[in-house]
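Letters A, B, ... mirror the listed sequences (proteins, then strands); counts begin at 1.
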Amino acid sequence: MTPRYEPNEIEQKWQRVWEDERAFNVPNPVAGEPTAENHWYQLEMLPYPSAPSIHMGHVLNYTMGDVQTHVRRRSGWHVVRPMGWDAFGLPAENAAIREGRHPRVTIEANIDRMRAQMKRLGWAIDWEREVAAHQPSFYRWTQWLFQQFVAHDLCYRKEGPVNWCPNDQTVIANEYVVDGHCERCGAEVELRNMTQWFMRTTAYADELLEYPGGDWPEKTKAIQRNWIGRSEGAEILFEVAETGDDIAVFTTRPDTLHGATFFVLAPEHPFVDSHASDEAKEYARHAGARPVEERAAETEKTGVFSGLHAINPVNGEKLPIWVADYVLMDYGTGAIMAVPAHDERDGQFAETFGLPVVPVIDEDAKLVNSGRFDGLPAEEGKRAIVAALEAEGRGKATVNYRLRDWSVSRQRYWGCPIPFIHCEKCGVVPVPEDQLPVILPDIEDYAPKGKPPLAQNEEYMNVECPQCGGPAQRDPDTMDTFVDSSWYFLRYIDSHNDEAPFDRFVVDYWLPVSQYIGGIDHSTGHLLYSRFFVKAMNDWGMVGFREPFARVFHQGWVTLGGTKMSKTKGNVEGPDELVDRYGADAVRLCILFLGPADQDMEWTPSGVEGIVRFLRRLWRLVHEVAAGAPESGAAGPLTRKANETIARVTDDILRRFQFHTPISAVMELVNEISAAPDAPDARFAAETAVSLIQPYAPHIAEELWGVLGHERLWEAPWPEADSAQLVRDTFELVVQVNGKVRDRFEVDASLSEDELVARARESERVRAHLDGGEPRKTVVVPRRLVNFVV
RNA sequence: GCCGAAGUGGCGGAACUGGCAGACGCGCCGGACUCAAAAUCCGGUGGCCUUCGGGCCGUGUGGGUUCGAUUCCCACCUUCGGCACCA
């Protein structure tokens, strides 16, 4: 009598066994001892515990990683697969303010709940490596690393305009400004001048465009390329006629230099404030205060003549200098030479203000009106003009980037404290290493009030200067949470180390991450910053590799009602009720069966029914086969089907990174066994089905493995297809006439091409379409088809 | 505007290297079991026509290459995503 399939019972049972056995904990290699060569670091982006539940997007992400983990493990790889928490950050702080609880209390309760949910889904995670960004044992090293960046001149303080969200009362990074509004709260972003810490990401701009040894999606690379925005051009010096000062411009079109008819400064350009007319200064004050997005939205260009002129270094012409807000201070040099004939924006400006237009490139892309450069093709003209300028010290070829340095200061409470002290005498002084971490103090009032919450806490702020012992103040800001996530994957590898952030030997063993799975929305933030971190650490000798992630995969969004599931949209569907009703195995299978993992997919709980039906059928069938089928028997059709399924499933998961088709393949196998449960090879086929479904549904697979008389499927070798069994001795020959299928029948695989054609011509149906005539041409595809052309 | 991805049954999707379009699942229809229903099991299920043998059409649209195109090429349409006054 087959017992009932009770998912919750068997799932709890096996989860306990795996925990007791430490089945998915993996030791680090030890220096001096032999190490396994085939190691695999399976990583999915760490969750952000600002809500008390994981959602179906997490279930998709981590189940994919889990399938990889199981298949790799059972294929003989050493697999490390850790988990942790991106515990600092604004949403948690805002939620805490709303609920009147300390962010730590909220976050830790959320982490406990999410961890319990993860364990209930049975994911093969090495929980002994768990880290959370808000724990002092972690952020001690975040601070230590921050100081290293400063020491290596890759992190610095600068005053400059920053995006300020008046609602969240903090600076926000460029990537969180969407159409001039704060991505998180929607408030209109203002520009403010503040002194901030910046990571010098631009120092690696060129290198970030390359992916040595990396297998990254083209799409992601394109997004990063776009973000970095490398453009080759020239810097050219223009002398101001009235003052004798030189002002540099950046241009990608030095070939059009003779067509420059005016000159434009950004409103924020320092020369405006020092030398321009009062009217121009007045314009600059208004224009400069407005966000770029707002300026760009205007249809008409605005600007004011400054009263000054610039001398074109190539022909001595005097160009009026205008101040206009279509020129941006933080790209290039904040000044341009305007060539209205060949630049759309300059053209619009010239039209608005009646400025002359001089074409200098003809239809054949050759230079005209350009003095001695006339007749040169534009590309050659670029080089020739830059060379001429260079000879006179008036210009040089340069490369410019859209990428800005990464602003990392946040005027908020719930983040990693910045380990620096401001002393009037000594300046900005690092907190001595033996005093790290600078503990984030518990404070009563962390609501933003225009100045950082920590700044209001005198006990925290007032310290002795570590250098002179005089009175000094802590830095009141905290770090952007992308700093935490830029190195957490290194800490996982050595999370209990209290001597260093990590040991280089073990990190060099496991990294780069073999497979990183996460959302494509992190392409310009987290992924770029992590690459920057690793390149810098490699330069300092902390790690022996230069890229953190060898392979990257982006899962699609799980949508509900057509919109992407996320906390901010409020359409989060958690797994709890589904796991209660159907079990973790069903939920895991269901989310992966939804469709290709790299495409968006609409969450439809109705699909669960089909999966549950499949699991019950598998359950019944295995019990039936275990009770009735012979221990081992002659190979038959099921043997071949089982081997074909092994080949398909393995290839789909390991090579194609495709997770929904293997489920179909195992379903097919189970359907075939169901049709012949008494076959001599039914037991082998059933064992294969159970073994292949284990990465998806490890609990039921483990239970059924026991029913079939075996033990410890989680560490059983991954099945290998027997190539001898894959060879078919017959195949279905397709016969076409003029490319249309007219007949199909089984033939012996050993038949020659001539014999195949002969057999094809015997077919009544084919003859009917040949009309008794001779085919003009006959195409034979071995082991597939014969096509007659008439 | 620039860059990228994608368009296949009622639905999610499969078809990996140019060779049987629609695997697998959902839904729906019919049948078995049942007093009845649920569950389960069996069968059917792209459209149109049919003398029930089969025939024709069909992978966003229009062309092309090929014996043969969902797959390759050209043009276009639609949807989604990224970037965008970046000189």
Side-chain angles (χ1 to χ4, degrees), chain A residues 217-227 229-231 233-234 249-253 256 264 266 292-293 295-299 301 324-328 330-339 342-346 348-349 400-404 520-521 523-524 556-557 589-590 593-596 598-604 606-611 613-614 616-617 620 648 651-652 655-656 658 660-671 674 732-744 764-765 768 775-790:
Chain A
E218 284 307 317
K219 194 176 179 178
T220 319
K221 290 197 274 190
I223 290 171
Q224 294 195 345
R225 206 181 309 124
N226 210 329
W227 188 257
R230 181 183 201 273
S231 58
V249 304
F250 173 75
T251 179
T252 54
R253 300 292 307 276
T256 63
V264 189
V292 174
E293 287 76 10
R295 302 189 207 168
E298 265 157 21
T299 42
K301 297 243 178 300
D325 66 4
Y326 81 93
V327 174
L328 309 175
D330 54 0
Y331 183 78
T333 62
I336 63 158
M337 60 178 216
V339 185
H342 303 292
D343 181 283
E344 204 184 324
R345 298 147 302 173
D346 296 346
Q348 283 170 15
F349 194 83
N400 202 42
Y401 301 91
R402 210 185 68 95
L403 181 73
R404 317 273 154 79
I520 195 164
D521 50 328
S523 298
T524 55
W557 299 115
L589 276 163
C590 191
F593 194 56
L594 228 43
D598 58 351
Q599 285 170 32
D600 293 356
M601 49 192 106
E602 174 73 7
W603 171 246
T604 49
S606 63
V608 179
E609 301 290 345
I611 289 294
R613 225 169 282 168
F614 164 69
R616 291 208 188 112
R617 209 161 64 233
R620 243 188 349 259
R648 264 176 78 184
D651 189 55
D652 280 354
R655 183 180 65 83
R656 298 179 71 200
Q658 190 166 288
H660 62 312
T661 42
I663 302 173
S664 301
V666 175
M667 284 174 169
E668 276 183 52
L669 175 59
V670 169
N671 288 347
S674 299
E732 193 180 51
L733 179 70
V734 171
V735 187
Q736 297 177 332
V737 178
N738 286 338
K740 286 189 177 172
V741 179
R742 293 307 178 185
D743 203 359
R744 57 187 72 169
E764 278 303 324
R765 298 185 201 182
R776 207 156 40 83
K777 186 175 173 182
T778 303
V779 179
V780 182
V781 181
R783 305 186 64 84
R784 276 188 207 273
L785 61 76
V786 172
N787 186 17
F788 296 115
V789 185
V790 293

Let me know the distance between [atom1] of [X] and [atom2] of [N], rounded to the nearest Å.
X: A:Lys219; N: B:rC80; atom1: NZ; atom2: P; answer: 14 Å
X: A:Lys777; N: B:rC67; atom1: NZ; atom2: P; answer: 4 Å
X: A:Tyr401; N: B:rA87; atom1: OH; atom2: C1'; answer: 17 Å
X: A:Asp521; N: B:rG4; atom1: CG; atom2: P; answer: 21 Å
X: A:Asn738; N: B:rC67; atom1: CG; atom2: P; answer: 12 Å
X: A:Trp227; N: B:rC83; atom1: CH2; atom2: C1'; answer: 9 Å
X: A:Asp598; N: B:rG81; atom1: CG; atom2: C1'; answer: 13 Å
X: A:Ile336; N: B:rA87; atom1: CD1; atom2: P; answer: 11 Å

State whether the side chain of A:Arg783 and the backbone N or O of A:Val781 hold a donor-acceptor pair below 3.5 Å, judged by distance alone.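 Checking the backbone N and O of A:Val781 against the side chain of A:Arg783, no donor-acceptor pair under 3.5 Å is found.
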Any donor-acceptor pair under 3.5 Å linking the side chain of A:Asp652 with the backbone of A:Gln658?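 Checked: no pair found.
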Have a look at [X] and say if it touches a base, only the backbone sugar-phosphate, or nothing, with a 4.0 Å heavy-atom cut-off.
X: A:Lys740; result: sugar-phosphate
X: A:Arg620; result: sugar-phosphate
X: A:Ser231; result: sugar-phosphate
X: A:Val327; result: base

Would you indicate whether A:Arg230, at its atom CZ, is surrounded by more than 12 heavy atoms from other residues, nucleotides or ligands within a distance under 6.0 Å?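 Yes, the 6.0 Å shell around CZ holds more than 12 heavy atoms from other groups.
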B/S/- along nucleotides 6-30 of chain B (protein heavy atoms under 4.0 Å) is ------SSSSB--BBS-BBSSS---
In terms of side-chain heavy atoms of A:Arg402, which of B:rA87, B:rA84, B:rG54 is nearest?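 The closest nucleotide is B:rA84.
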Counting only side-chain nitrogens and oxygens, does A:Arg742 get under 4.0 Å of the OP1 or OP2 atom of B:rG55?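 Yes, such a contact exists.
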A:Asn226: which residues meet the side chain to side chain contact (heavy atoms under 4.5 Å, CB included) condition with it, sequence neighbours left out?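 Side chain to side chain contact (heavy atoms under 4.5 Å, CB included) check on A:Asn226 returns nothing, list empty.
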Please enumerate all residues that pass side chain to side chain contact (heavy atoms under 4.5 Å, CB included) together with A:Arg613, with sequence neighbours excluded.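 Per chain and number, A:Arg613 pairs via side chain to side chain contact (heavy atoms under 4.5 Å, CB included) with A:Glu609.
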How do A:Glu218 and A:Asn226 order along RNA chain B: which one's closest nucleotide is nearer the 5' end?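 Result of the comparison: A:Glu218.
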With syn defined as a glycosidic angle within 90° of 0 and anti as the rest, where does B:rG7 land?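 It is anti.
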When you check the glycosidic angle of B:rG43, does it come out syn, meaning within 90° of 0, or anti?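 In terms of base orientation relative to the sugar, B:rG43 is anti.
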A:Asp598: partners by salt bridge (Lys or Arg N to Asp or Glu O under 4.0 Å), with sequence neighbours left out: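 Counting only residues at least two positions away or on another chain, A:Asp598 forms no salt bridge (Lys or Arg N to Asp or Glu O under 4.0 Å).
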Once you measure the plane-to-plane angle for A:Tyr326 and A:Phe349, does it fall in the parallel (<30°), tilted (30-60°) or perpendicular (>60°) bin?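 The rings of A:Tyr326 and A:Phe349 sit tilted, inter-plane angle from 30° to 60°.
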Distance from A:Leu594 atom CG to A:Met601 atom CE, nearest 0.5 Å?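 The CE atom of A:Met601 is 6.0 Å from CG of A:Leu594, to the nearest 0.5 Å.
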Nearest 0.5 angstrom please: A:Leu733 CG to A:Leu785 CG, how far?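 If we round to the nearest 0.5 Å, A:Leu733:CG and A:Leu785:CG are 7.5 Å apart.
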Could you list the donor-acceptor pairs under 3.5 angstrom formed by side chains in residues 218-225 of chain A, with sequence neighbours left out?
{"from": "A:Glu218", "atom 1": "OE2", "to": "A:Lys221", "atom 2": "NZ", "distance (Å)": "3.4"}
{"from": "A:Thr220", "atom 1": "OG1", "to": "A:His554", "atom 2": "NE2", "distance (Å)": "2.7"}
{"from": "A:Gln224", "atom 1": "OE1", "to": "A:Tyr211", "atom 2": "OH", "distance (Å)": "2.7"}
{"from": "A:Gln224", "atom 1": "OE1", "to": "A:Arg531", "atom 2": "NH1", "distance (Å)": "2.7"}
{"from": "A:Gln224", "atom 1": "NE2", "to": "A:Ser523", "atom 2": "O", "distance (Å)": "2.9"}

Can you give the dot-bracket line for RNA chain B, using ( ) for pairs inside the strand, [ ] for pairs that cross earlier ones, | for pairs with another strand and . for unpaired bases, where Watson-Crick and G-U count if both distances are under 3.5 Å? (((((((..(((......[....)))((((((.......))))))((((....))))..(((((..]....))))))))))))....
